[in-house]
Amino acid sequence: MVGGLVLSQAQTHQVATPRTAAPAPAQALEKRPWDQAQPCGTAAAAAAAVSVRSLDEVRKAHARHIKLGVDRCPRHARPLLAACALSGWPGGMELAASIFESLVEPEAFDYNTLMRGHVGGGRGDREPAAALRLYVDMLEAGVGPDSYTFPFVLKACAQLASLQQGRQLQAHIEKLGLQHDEHVQNSLISFYGKCGEPAMARLAFDRVEDEERTTASWSALLAAYTKAGLWGECLESFGAMVLDGWRPDESSMVSAISACAHLGAFDVGRSIHCALLRNTARLNTIMQTSLVDMYAKCGSIEKAAAVFDAMDDKNAWAYSAMLSGLALHGDGRKALQVFDAMVREGHAPDAAAYVGVLNACSRAGLLEDGLRCFDRMRLEHKFAPNAQHYGCMVDLMARAGRLDDARALIGSMPTGPTDTAWRSLLNACRIHGDLDLAESALEELRSLGAANAGDYVIVADMHARAKNWAAAAAFRTEAVDWGLAQSPGFSAVEVRGELHRFVSQDMSHPRTRDIYEMLHQMEWQLRFDGYRPDTSEVALDVGEEEKRHVVAAHSQKLAMAFGLLSTPEGAPVRVVTNLRMSKECHAYSALISEIFGREIVIRDRNRLHRFRRGACTCRDYW
DNA sequence: GTAGGGTTAG
């Protein structure tokens with residue numbers, strides 16, 4: 001909330017009849033100082049417009065203008081104002097503001113330029129609140145905002161996450177009759193998207209007439225869906241866009257690729273990549289980065305690395321994407337190499353890069369390397385670790401079995417304990433079977449008010465493993481109370497560019513009969529090879545036969561069965577699930593990969609497992 | 001001088 005910014009009715013009425021629209025009083029014209037000054041012709045203005053390359057040059061030019069008495073003339077000051085506001089030079093905005101202040105009758109143009117500077121148009125420090133203040137000043141001065149004003153001021157609202165003020169602006173827009181302006185419309189879509197209001201963004205999008213719609217409208221819509229995590233909707237709209245005859249531009253493609261990454265839609269992602277290679281002369285860094293992320297998240301770290309290696313201007317974002325991909329695949333060694341390369345190439349690792357490399361160490365069980373990295377970060381790079389980094393360290397130590405050290409680290413976090421840190425510890429307790437510590441971690445989560453259904457499930461499952469049925473049932477009930485039912489576990493598999501989703505015991509798929517037939521066949525083959533279903537993680541006190549039934553129709557297995565059934569012999573099967581990989585399912589998948597001669601790629605909620613010939617890339621450490 | 005984009009965490 002911006003202090004004191006209330007966009008009153010009175011002000012908006014002023015806007016409707018801007019003072020600048022009325023003829024300026026003759027007296028004001030006479031008083032303009034530069035009218036008396038001699039050299040105010042086009043030659044002098046041209047001289048002023050000569051491009052300035054530094055703040056110093058602006059100061060010199062401004063001093064010349066003062067000497068000539070034209071410093072308050074918008075025509076002379078404008079190029080200098082723009083240079084300061086939009087160049088991103090340190091101190092530029094201060095000088096821009098002072099030039100602006102000296103203007104006798106600033107116009108919408110001048111307000112717009114300064115506002116753009118405040119919302120980061122020059123990639124300088126953002127000060128969205130200042131942009132909004134300027135907007136109010138503008139209204140108070142009776143200067144009418146134009147179609148350029150709203151894109152900036154909406155951007156300011158988005159940066160402040162101020163939904164309320166943005167909605168007020170929408171009223172202004174309509175009052176001024178600017179609601180059909182292409183840029184204003186697209187800005188509105190984007191504003192709602194950035195505020196995390198995809199439904200409002202959609203509404204704004206739908207209100208754009210067909211003939212006013214541009215690729216930017218689509219791209220703003222796709223970005224709104226991406227931001228909200230509605231990746232299915234994003235891909236759907238991407239399809240609708242293409243069907244509508246639009247040729248997706250770079251940014252629509254980036255949103256779509258990002259959606260593919262999250263959904264695990266490998267085939268779709270790959271076909272977008274192919275389209276890009278056909279239609280674009282040269283992929284920019286952002287597109288390449290999104291491709292690196294997509295391939296890694298979809299299970300192909302090789303393709304991710306190929307795109308990454310071919311990049312000739314890698315920035316910190318690109319390195320972070322590669323590092324997080326390697327972390328997902330549990331390749332700590334390679335992550336450390338990439339991290340070293342990053343430093344060697346002169347890119348200062350940012351917070352995300354550290355998260356990536358620390359996670360990679362933690363998932364690969366590289367305790368010593370992780371500790372060294374953390375020290376380097378603080379001592380050598382003088383980087384203050386944030387709560388996430390502490391969370392990574394807790395995860396690293398706890399996974400490696402140093403549960404007490406991890407617990408002590410949580411206690412010493414400068415930011416105070418966070419839920420993610422406790423959750424990491426809880427997860428490690430599950431791995432190492434420390435039920436007492438798990439219960440106290442859950443208690444901590446509860447007292448932070450951050451315990452969720454998944455946390456209760458972990459403890460319930462641990463009790464079930466220990467055959468404490470009463471306790472297991474009690475925690476299970478709590479889990480249900482905490483909304484377990486609202487986010488059911490699912491697994492999805494991509495077949496010919498289409499994602500098929502399954503929940504446990506799912507019977508809704510059109511090919512359910514075939515799927516269960518396949519499942520039966522899989523089970524039969526596995527038993528022949530000596531597989532016995534492990535039912536110890538089923539948190540129900542029911543008969544063994546019943547448990548086997550639950551285990552057998554697990555959503556991951558249904559997805560796998562359908563994948564095996566509907567993809568060509570020898571093709572990899574890629575499954576994405578929001579569940580944690582169970583020991584049972586892990587062993588099962590490994591055997592399937594061996595018996596069916598298929599590569600099975602399963603992305604669970606924590607990491608990626610690739611099973612080939614009976615072995616997993618995680619080397620059973622997850 | 002206008003709109004739209006990427007990475008991390010549980």
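Residue numbering restarts at 1 for every chain, and letters A, B, ... go by the order of the sequence lines. Everything numeric here is computed off the predicted structure, so don't read it as measured data.
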Participant: Check this one for me: any side-chain N or O of A:Arg116 less than 4.0 Å away from OP1 or OP2 of B:dT2?
Facilitator: yes
Participant: If we ignore hydrogens and angles and just use 3.5 Å, is the side chain of A:His347 paired with the main-chain N or O of A:Lys314 as donor and acceptor?
Facilitator: yes
Participant: Verify the stacking flag for A:Phe109 against B:dG1: centroid separation must be under 5.5 angstrom and the ring planes must differ by under 30 degrees.
Facilitator: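 A:Phe109 vs B:dG1: stacking no.
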Participant: Regarding A:Arg363, tell me which of base, sugar-phosphate or nothing describes its non-hydrogen contacts under 4.0 Å with the strands shown.
Facilitator: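 The residue A:Arg363 makes sugar-phosphate contact but no base contact.
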Participant: Pairing donors with acceptors under 3.5 angstrom, does anything connect the side chains of A:Glu212 and A:His180?
Facilitator: yes
Participant: Could you check how far CH2 of A:Trp422 sits from C1' of B:dA9, rounded to whole Å?
Facilitator: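 One finds 18 Å between C1' of B:dA9 and CH2 of A:Trp422, rounded.
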Participant: Distance check needed: B:dG10 P versus A:Leu396 CG, whole Å only.
Facilitator: 12 Å
Participant: Would you mind classifying the nucleic acid contact of A:Glu250 as base, sugar-phosphate or nothing, using non-hydrogen atoms under 4.0 angstrom?
Facilitator: base
Participant: Not counting sequence neighbours, which residues clear side chain to side chain contact (heavy atoms under 4.5 Å, CB included) with A:Glu444? List them please.
Facilitator: A:Arg407, A:Trp422, A:Ser447
Participant: With sequence neighbours left out, what residues match A:Ser491 under side chain to side chain donor-acceptor pair (under 3.5 Å)?
Facilitator: A:Ser555, A:Thr577
Participant: Tell me whether the side-chain N or O atoms of A:Asp110 pair up with the base of B:dG1 as donor and acceptor below 3.5 Å, since no angle test is needed here.
Facilitator: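 Checked by distance alone, the answer is no.
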Participant: Are the aromatic ring centres of A:Phe374 and A:Tyr354 under 6.0 angstrom apart?
Facilitator: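 Not under 6.0 Å, so no.
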Participant: Figure out the CE/C1' separation between A:Met115 and B:dG1, and round it to whole Å.
Facilitator: 13 Å
Participant: Looking at A:Phe205, is A:Arg213 sitting on its ring face, NZ or CZ under 6.0 Å from the six-membered ring centre and within 45 degrees of the normal?
Facilitator: yes
Participant: Tell me what A:Lys314 touches on the nucleic acid: a base, only sugar-phosphate, or nothing, going by heavy atoms under 4.0 Å.
Facilitator: nothing
Participant: From B:dG5, B:dG10, B:dT7, pick the nucleotide closest to the side chain of A:Ser424?
Facilitator: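 Of the candidates, B:dG10 comes closest.
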Participant: Under 4.0 Å, counting only non-hydrogen atoms across every strand here, what does A:Ala82 touch: a base, just sugar-phosphate, or nothing?
Facilitator: nothing
Participant: Under 4.0 Å: is that the gap between some side-chain N or O of A:Lys297 and OP1 or OP2 of B:dT8?
Facilitator: yes
Participant: Consider the side chain of A:Ser290, meaning its heavy atoms from C-beta on, and name the nucleotide among B:dA3, B:dG1, B:dG6 that approaches it most closely.
Facilitator: B:dG6
Participant: To the nearest Å, give me how far apart CD (A:Glu107) and P (B:dG1) are.
Facilitator: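 So the CD-P distance, A:Glu107 to B:dG1, works out to 16 Å.
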Participant: Taking CE from A:Met377 and C1' from B:dT8, how many angstroms apart are they, rounded to a whole number?
Facilitator: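 Distance, rounded to whole Å: 12 Å.
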Participant: With the threshold set at under 4.0 Å for non-hydrogen atoms, list the residues of residues 180-193 of chain A touching DNA chain B in residue-number order.
Facilitator: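 Result for residues 180-193 of chain A: A:His183, A:Asn186, A:Ser187, A:Ser190, sorted by number.
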Participant: Taking the side chain of A:Leu86 as its heavy atoms from C-beta onward, which of B:dA9, B:dG1, B:dG6 lies nearest to it?
Facilitator: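 Per side-chain heavy atoms of A:Leu86, the pick is B:dG1.
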Participant: How long is the line joining CD1 of A:Ile257 and P of B:dG5, in whole Å?
Facilitator: 15 Å
Participant: For B:dG10, does either OP1 or OP2 sit under 4.0 Å from a side-chain N or O belonging to A:Arg607?
Facilitator: no
Participant: Using a heavy-atom cut-off of under 4.0 Å over every strand shown, decide if A:Asp293 touches base, sugar-phosphate, or nothing.
Facilitator: sugar-phosphate
Participant: Does OP1 or OP2 of B:dA9 have a side-chain N or O of A:Asn359 closer than 4.0 Å?
Facilitator: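 Checking B:dA9 against A:Asn359, a side-chain N or O does come within under 4.0 Å of OP1 or OP2.
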Participant: What nucleotide, of B:dT2, B:dG6, B:dG10, holds the atom closest to the side chain of A:Phe152?
Facilitator: B:dT2
Participant: Using the side chain to side chain donor-acceptor pair (under 3.5 Å) criterion, which residues pair with A:Tyr295? Sequence neighbours excluded.
Facilitator: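 Partners of A:Tyr295 under the side chain to side chain donor-acceptor pair (under 3.5 Å) test: A:His273.
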Participant: Would you say A:Ser324 reaches B:dT8's phosphate, i.e. side-chain N/O to OP1/OP2 under 4.0 Å?
Facilitator: yes
Participant: Would one find a side-chain N or O of A:Thr289 under 4.0 angstrom from OP1 or OP2 of B:dG5?
Facilitator: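 So the side chain of A:Thr289 is outside the cut-off, no N or O lying under 4.0 Å from OP1 or OP2 of B:dG5.
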Participant: For A:Asp244, which residues count as a side chain to side chain donor-acceptor pair (under 3.5 Å) partner, sequence neighbours excluded?
Facilitator: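 A:Asp244 satisfies side chain to side chain donor-acceptor pair (under 3.5 Å) with no other residue.
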Participant: If you check every side-chain atom of A:Ala321, which of B:dG6, B:dT7, B:dA9 has the closest atom?
Facilitator: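 Selected nucleotide (nearest to the side chain): B:dT7.
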Participant: Is it the case that the base of B:dG10 and the side chain of A:Asn606 share a donor-acceptor contact (distance under 3.5 Å, atom types as modelled)?
Facilitator: no
Participant: Nearest to the side chain of A:Ser251, heavy atoms from C-beta on, is which of B:dG1, B:dG5, B:dG6?
Facilitator: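 Taking heavy atoms from C-beta onward, the closest nucleotide is B:dG5.
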Participant: Only counting residues at least two apart or in another chain, list the ones meeting side chain to side chain donor-acceptor pair (under 3.5 Å) with A:Arg167.
Facilitator: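 A:Arg167 satisfies side chain to side chain donor-acceptor pair (under 3.5 Å) with no residue once adjacent residues are dropped.
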